[in-house]
Amino acid sequence: MQYFVDVILPIPLEKLFTYAVSTSQADQLSPGMRVAVPFGKSKIYTALIAKIHTTAPDIYEAKEIHQLLDVEPVVNNFQLQLWQWIADYYMCTVGEVFRSALPGAFLLESETLILRNDKIEVDENDLKDDEFLIYEALQHQSILKVQEVSAIIERKNVLPVLNRLLNKNIILLKEEIHEQYRPKLVRYVQMGKAFSTEAQLEALLKSLSRAPKQSQVVLSWFQLKTVSTKPIKLSELEKLSGVSTAVIKSLIDKGILEEFHLQTDRVNYDGDGPPDHLKTLNQAQQNALEIIEDYFAQHKVTLLHGVTSSGKTEVYVKLLEACLDSGRQALYLLPEIALTTQLISRLQAYFGDKISVYHSKYSVQERVEVWNNVLHKKSKAKLIIGARSAMFLPFSELGLIIVDEEHEGSFKQFDPAPRYHARDAAIVLGNIHHANVLLGSATPSIESFYNVQIAKYGYAQIENRFGNVLMPEMQLVDIKEQSRKRRMNGHFSERLRDEISDALKLGEQIILFQNRRGYAPILECNTCGHAPQCPNCDVSLTYHQGKKQLRCHYCGHHMALPESCPACGSATLDTKGFGTEQVEKELETLFPEAKVGRMDLDTTRGKHGYEKIINAFEQQETDILVGTQMLTKGLDFRNVGLVGIMNADSLLNFPDYRAHERCFQLLTQVAGRAGRTQKRGKVIIQTYNPYHQILQQVTNHDYDGMYKEQLYEREQFHYPPTNRIIKITFKHKEFNRLNEASEWFAQALRNLLGNLVLGPEYPPVARIRNQYLKNVIVKIGQDQSVTKTKKGIKRIEKSFNAISQYRSVRVIYNVDHV
Ligand code: ADP
Ligand code: ZN
Ligand code: ZN
C-alpha cells in the first residue's frame, strides 16, 4: 500500500501539499511531527504533518519526503485548531501561521544561516563524524549556508545533523545574536538594627573611638543620610569616608552596617510577608475576584477594569494559583513592552520555579526549551508569561488565560502574516481548551467594554488604588499662552519647570513623556523651506543629534547631518518639532545637577536594553526618565512624584479613528506611574488645546464619558465595535500600476459590497522602501456576514491575480486592523 502525508509548508500556499512515504515511515509518523521535504527546484523546508492517508494527489505526482525530523509530535491538535481559525479569520494561510508559531530552531530550511557558538567549550570527541565536519568548517568560516553544509558532508539532507548540533548548543542560527548582559546589583548599606536609637548610636561611636577609620565610616554614613532621602550606595560611602572597602566590610561583618541589594530586596521592601505567601486581598479586590469566579462558572470571558495601581496583578495571582492547584496550565499574556523583569520577579516570588517566560527577545534555544517543557507538561512550565507569540505554545491542559493590558494595540501583529490580535485569538484558544479567559486593563479597549455592555463578557471593577492612594492630580498647561507670555524655556513651561525642581528637592523621581524619539522629527531650511527626505520613503528624515545623523524611521536609511541646505546652500537649517533626545538635552541645561535617563527604541536595543534603563531608574541612579510610550506599561516605580507630558497634541492629531481612544489610554497609563505610594502624585500635561474633550476626560478620569462619545462616533461612521473593518493594502514599486490595480480591486469590491468600501487612498506615508502603498477599507455592517464578505473578497483576489499586469501587486489583508 502506498502512503501519503499532507503537510503544512511554512510558506503562503492555499492548500496542504502531499508527499509520498514508505510503509515503514508511515508506521512511525503521526500528525504534528516534522519532516524535511523538497519543494520547488532546490529548496528544502521543514514541514508539519497534518494528515496521513492513502489517496494520491491527482494534479501532481507526489515527491518523497527527505527525512523524518521527530519521533513524537511537537504540535498538538489544539494548536492545529487554533492555526486554522487564525488563518480563516485573518485571511492568511495555515503555513504562515505555522511559520510564525514555531521557534525558528524548529524550522530549519535551505536558506537558514548557521554560525558557531563561541560561548561553549566543545569536546571534539563527543562529535559524530558529520557533526565534526561542520564544526571544523565553522572554525574557518564564520557563517555557513545550509547548501554549503550539504556540500561539506556530501549529503542532501542536512537538517537532522543541524538539529543535533543545535541541541548540543554548538551552532547558532543567524537571527539570534544577542548582547549578553546581567542586571547589575548595586550594593547599598544601612545602619544595623541594633543602632536605631540615639543612645545606641552614641554608645557605638564611643566604642569606636579607638578605631578612627571605622568611626569615620559611621559619621560619613550620617552625613550622606542628611543630604538625601535615597538609599546609600556602598561606593558613595567609600568615597566620602576615604577608607578602603575592607574597613566597611569589617563593619558589615560586625553587624554595625548592613548591606543590601535594592533589586532583590524589593519584595521585602514594603514589609511584605515572606515571598512565598500570597497577599491577602482587600475588600475591593476580594469582591472583584468573586465576581470573576461567578462569571467563570458561567463560562464567560470577563473584563477586569481596575484603575492603575488598584492591585489587579494580585487578583490575577489568586486566579493563577487556583488554576495551578487544579493541575492545569495557565497563560499570562502581556504586550512585549510590559514584559519587564519587575513583573517577572514579582510572579516568581509567588510561583517560584513553576514559571517560564517566553518572548521574542529570548534566544532560539531558550524558546525551544520552553516549548518542550510545555509539550511535556513539565512542572516548571505550568505558568507561562509571555508576549503574544506565547499563545502558540503546545498547551494541552490549559485552564486559565489572562490578557493583561488588553487595550494595547501591540497585541495585534502588524507584519508579517498572520496579522492576528492576540487578545481575540486568546479567547478562541480559551474556547478550544474550555479554559477561563480574563482581560485586564485600567483603560479597556472600546471593543471589550462594548462586549460587556451587550452582556457578551462579564465585568468586574476596582475603582480605587490599593491602600486608598489617591489618583494623581492632573493639570493641563496651555503652552500657547505660555509662549505668548514668553514663559517657555525650550519645550518646558514655567509650571513644569517649577514642579520638576520641587520634585528634585524632595528627592522624588520624575517621568517625562514625549511620543517621538530622536532629537527633532524634521530639519528644515529657514531660507527655502526644504526638508531632507528619505530617498526610499515619502517621509522627512528625523534628526538625531547624538549621532549627528538624519535617519528614516521607516526603512533605517541614514545620512550625515548636512552643514548647509542641500537645496539652496544656505546655512540656516533649523529643527521643527521635538523628540526624546531633545528633551534630554534641554534638561541638561535646565537641571544640570539631575541625572537623566532616556528610554526609547534607540536606547533599548538588545535583549536587556530595557532592563538596564529600568534598573537604573528603579535603583534611583537616575532622577528623571525621558521616554516614549515604552515607559507607560506596567512599571511600578515607588518613588515617582511627577509625570510630565511634553506635548499631548501629537497624540490627538493622528488620522485614525482610534486616535482619541488611544490618546486617552496612553495618557491615563503614563499618568498612572505617578504617586503609587501614600503621597499623591502630580501629572502635568502640556498642550495647545487644553479644552480638547479627550484631555478633559483624561484629567477628570472620565472613562465612561470617553467611551460613550467614542462609541457614538464609531456607530455614526461604521467603525468597530459595532461594525467590522478589513484594511486591504496594495503594494508595488510602480506608481501607475499600483493605482490602476487598486482602483480595479476597489471597483470590484464596490460592485459586491456597495458603498461601505473606502478608497483606494494613500496612507500618510505613501511610499516605504521604494514600494508605493494604497489602502482600501472595507466596512462590514452589523447585518452582514463576515464570513461571506471575506469569501467574496477572496474571489475578487482570484480574478485580480488572473490579470497578468496586476499579478505582481501585493495584496495584504489586515482584518480588525487597529
Ligand atoms: P495594578 O496591576 O492594578 O496596576 P498592582 O497589582 O501593581 O496594581 O498593585 C499596586 C501596588 O499595590 C503594588 O505595589 C502591590 O504590591 C500593592 N498591592 C496590591 N494589592 C495588595 C494587597 N492585597 N496587599 C498588599 N499590597 C498590595
Ligand atoms: Zn534652503
Ligand atoms: Zn526610509
Side-chain angles (χ1 to χ4, degrees), residues 266-273 275 277-289 304-318 320 332 334 338 340 342-343 345-347 349-350 402 404-406 438 440-443 460-469 471 523-542 550-559 562-574 618 632-640 668-669 671-678 765-771 773:
R266 259 185 62 95
V267 187
N268 298 321
Y269 213 53
D270 301 329
D272 295 359
H277 284 355
L278 268 55
K279 295 195 172 78
T280 316
L281 298 186
N282 68 13
Q283 197 56 49
Q285 288 170 316
Q286 187 61 36
N287 289 347
L289 179 67
L304 174 57
H305 182 186
V307 297
T308 53
S309 201
S310 57
K312 293 184 289 299
T313 316
E314 302 302 327
V315 177
Y316 304 152
V317 163
K318 293 279 185 204
L320 291 168
Y332 188 148
L334 276 151
T340 58
Q342 269 196 348
L343 179 86
S345 22
R346 194 165 154 194
L347 293 173
Y350 294 133
I402 287 171
D404 196 8
E405 314 284 3
E406 66 84 29
L438 181 68
S441 176
T443 51
Q461 198 178 7
I462 310 178
E463 288 173 275
N464 293 311
R465 290 184 140 190
F466 182 78
N468 289 321
V469 172
M471 291 303 281
L523 195 68
E524 204 180 74
C525 172
N526 275 344
T527 310
C528 76
H530 172 80
Q533 303 283 310
C534 175
N536 312 319
C537 314
D538 281 346
V539 69
S540 302
L541 295 170
T542 299
L550 298 177
R551 300 188 75 94
C552 171
H553 287 181
Y554 288 85
C555 74
H557 173 85
H558 52 87
M559 58 186 273
E563 308 233 322
S564 55
C565 171
C568 75
S570 106
T572 54
L573 290 172
D574 215 346
E618 201 174 22
T632 59
K633 295 295 166 284
L635 295 169
D636 188 4
F637 299 121
R638 318 265 67 204
N639 191 39
V640 173
T668 306
Q669 295 282 353
R673 303 307 117 207
R676 292 173 78 92
T677 45
Q678 277 314 318
V765 179
R767 187 178 51 122
I768 295 178
R769 294 173 196 274
N770 281 321
Q771 301 265 350
L773 302 169

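In each ligand, atom 1 is the first atom listed, and ligand 1 is the first ligand listed.
In this model, a donor atom of one side chain and an acceptor atom of the other lie less than 3.5 Å apart for Y350 and K279. Checked by atom type, the side-chain pair S441/E405 shows no donor-acceptor distance below 3.5 Å. With 3.5 Å as the limit, one finds a donor-acceptor pair spanning the side chains of R767 and N770.
Below 3.5 Å of separation, one finds an N or O of G311 facing an N or O of ligand 1. Looking at Q285 next to ligand 1, an N or O pair under 3.5 Å apart turns up.
With a heavy-atom cut-off of 4.0 Å, I462 does not touch ligand 1 at all. If you look at R465 next to ligand 1, there are no close heavy atoms at all, none under 4.0 Å. Heavy atoms of K279 found under 4.0 angstrom from ligand 1 belong exclusively to the side chain.
A heavy-atom distance below 4.5 Å is found between the side chains of Y332 and T313. Contact check for H558 versus L541: no side-chain heavy atoms found under the 4.5 Å cut-off. For the pair S309/V469, no side-chain contact is recorded, criterion being any heavy-atom separation below 4.5 Å from C-beta on. Using a 4.5 Å heavy-atom cutoff, the side chains of H530 and P566 are in contact.
Remark: ligand 1 atoms within the under-4.0 Å shell around heavy atoms of L281 are 23 (N). The contact set between ligand 1 and T280, taken as ligand atoms under 4.0 Å from a residue heavy atom, comprises 22 (C), 23 (N), 24 (N). Each of the following atoms of ligand 1 lies closer than 4.0 Å to a heavy atom of S310: 1 (P), 3 (O), 8 (O). Heavy-atom proximity to K312, at under 4.0 Å, picks out these atoms of ligand 1: 1 (P), 2 (O), 3 (O), 4 (O), 6 (O), 8 (O). The distance from ligand 1 to the heavy atoms of T313 drops below 4.0 Å at these ligand atoms: 2 (O), 5 (P), 6 (O), 7 (O).
By heavy-atom distance, the residue among S309, G440, A284 lying nearest atom 1 (P) of ligand 1 is S309. Among Q286, R346, K318, R673, the residue whose heavy atom lies closest to atom 15 (C) of ligand 1 is R346.
Between the side chain of R769 and the main chain of N536, no donor-acceptor pair closer than 3.5 Å is present.
Taking the Zn ion (ligand 3) as the apex, the angle formed with SG of C555 and SG of C537 is 110°, to the nearest 10 degrees. The angle C565:SG - the Zn ion (ligand 2) - C525:SG amounts to 110°, with values rounded to 10 degrees.
Using a cut-off of 2.8 Å, one finds that H557 contributes no N/O/S atom close to the Zn ion (ligand 3).
A salt bridge links E314 to R346: one of the charged nitrogens lies within less than 4.0 Å of a carboxylate oxygen.
Taking both residues in full, the closest heavy atoms of L550 and L523 are given as CD2-CD2, 3.9 Å, listed atom of the first, atom of the second, then distance.
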